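So the structure is just underneath, and the comments pick up after that.
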Amino acid sequence: STWGKTKIMNKNERDGPEVWGGILQAGTTRKFILNEESLFKIENITLTSDAKTRTTVTLSENDKSFVLCHLVPNKVESWKADLDFYGERELTISTSSAPVHLFGWKVKVSETISENKNTKNGNGKANGKGK
């Protein structure tokens, strides 16, 4: 599989969000182990350009599994996931029958909370969503 990650930093930042992404091959899984100090975000799931069949993308945590999306070539080729995960946990993402691109980012929760406290309507919760 092909996976990568990179840091995005402004000139005054020492640490910034870490952008990650990769291709999840058909019939495979990818495990993400999260720590309690990070916000982990899944932004987008897209069929690869060579996908020829419908696929189901599933997220598993502990003993529970959830269908995130069904992607179909030439009909529904991409899904804007916009999923946030906080805290210590282990997530597994799988695809059934076609390869998909996964894209997201992660950042330290303490940095996100600080940024929200500095906004006019910040409520001190990460990403302002209170999750």
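Please read all numbers here as calculations on a predicted model, not as lab measurements. Note that the numbering runs from 1 along the sequence shown for the chain.
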Can you check whether L34 reaches L91 side chain to side chain, under 4.5 Å on heavy atoms? yes
Flag the pair R89 / I33 as yes when at least one side-chain heavy-atom distance between them is below 4.5 Å, and no otherwise. no
Counting C-beta onward and ignoring hydrogens, is there a side-chain heavy-atom pair between V67 and V57 closer than 4.5 Å? no
Write down the atom of Q25, the atom of I23, and the distance for their closest heavy-atom approach. NE2-CG2, 3.4 Å
Give the intermediate values and the outcome of side-chain contact (heavy atoms from CB on, under 4.5 Å) for residues T48 and H101. CA-CA 6 Å; T48 62; H101 291 277; 3.7 Å; yes
How far apart are the C-alpha atoms of S60 and S65, what are their side-chain angles, what is the distance that settles it, and do they pass the side chain to side chain donor-acceptor pair (under 3.5 Å) test? CA-CA 4 Å; S60 301; S65 291; 2.8 Å; yes
Nearest atoms (heavy-atom pairs only) where I45 meets L68: CD1-CD1, 4.0 Å
So that I know where these two stand, are F40 and W105 an aromatic pair - ring centroids less than 6.0 Å apart? no
Could you tell me which non-hydrogen atom of L71 sits nearest to which non-hydrogen atom of E77, and how far apart they are? CD2-C, 4.0 Å
Please report the C-alpha distance between T58 and I93 in whole Å, then the side-chain angles of each, then the deciding distance to 0.1 Å, and finally whether the side-chain contact (heavy atoms from CB on, under 4.5 Å) criterion is met. CA-CA 6 Å; T58 305; I93 299 176; over 6 Å; no
Test side chain to side chain donor-acceptor pair (under 3.5 Å) applied to H70 and T56, step by step: CA-CA 4 Å; H70 298 284; T56 300; 2.9 Å; yes
For the atom pair CG (N44) and CG (L102), what is the distance rounded to the nearest 0.5 Å? 9.0 Å
With no hydrogens and no angle check, is any side-chain donor or acceptor of T55 less than 3.5 Å from a backbone partner on S96? yes
Are E90 and E61 side-chain neighbours, meaning at least one heavy-atom pair lies under 4.5 Å? no
Set of residues satisfying side-chain contact (heavy atoms from CB on, under 4.5 Å) with respect to K64, sequence neighbours excluded: F66
Assess whether side-chain contact (heavy atoms from CB on, under 4.5 Å) is satisfied between F32 and F85, documenting all intermediate values. CA-CA 11 Å; F32 297 92; F85 298 93; over 6 Å; no
What are the two closest non-hydrogen atoms of A26 and A98, and how far apart are they? CB-N, 3.5 Å
So E43 and K80, side-chain contact (heavy atoms from CB on, under 4.5 Å) or not? Walk me through it. CA-CA 6 Å; E43 283 287 342; K80 170 99 172 97; 2.7 Å; yes
When you group the ILVMFWY residues by side-chain heavy-atom contacts below 4.5 Å and let the links chain together, are V76 and I42 in the same group? yes
When rounded to the nearest 0.5 Å, the distance separating OG of S94 from CG of L59 is 8.5 Å
Between the main-chain N or O of N35 and the side-chain N or O of S38, is there a donor-acceptor pair closer than 3.5 Å? no
Look up atom NZ in K106 and atom CD in E37, then write down how far apart they are to the nearest 0.5 Å. 10.5 Å
So salt bridge (charged side-chain N to carboxylate O under 4.0 Å, His left out) across residues 45-56, not counting sequence neighbours, yields none
Out of curiosity, does L83 fall in the hydrophobic cluster containing V100 (side-chain heavy atoms, cut-off under 4.5 Å, transitive links)? yes
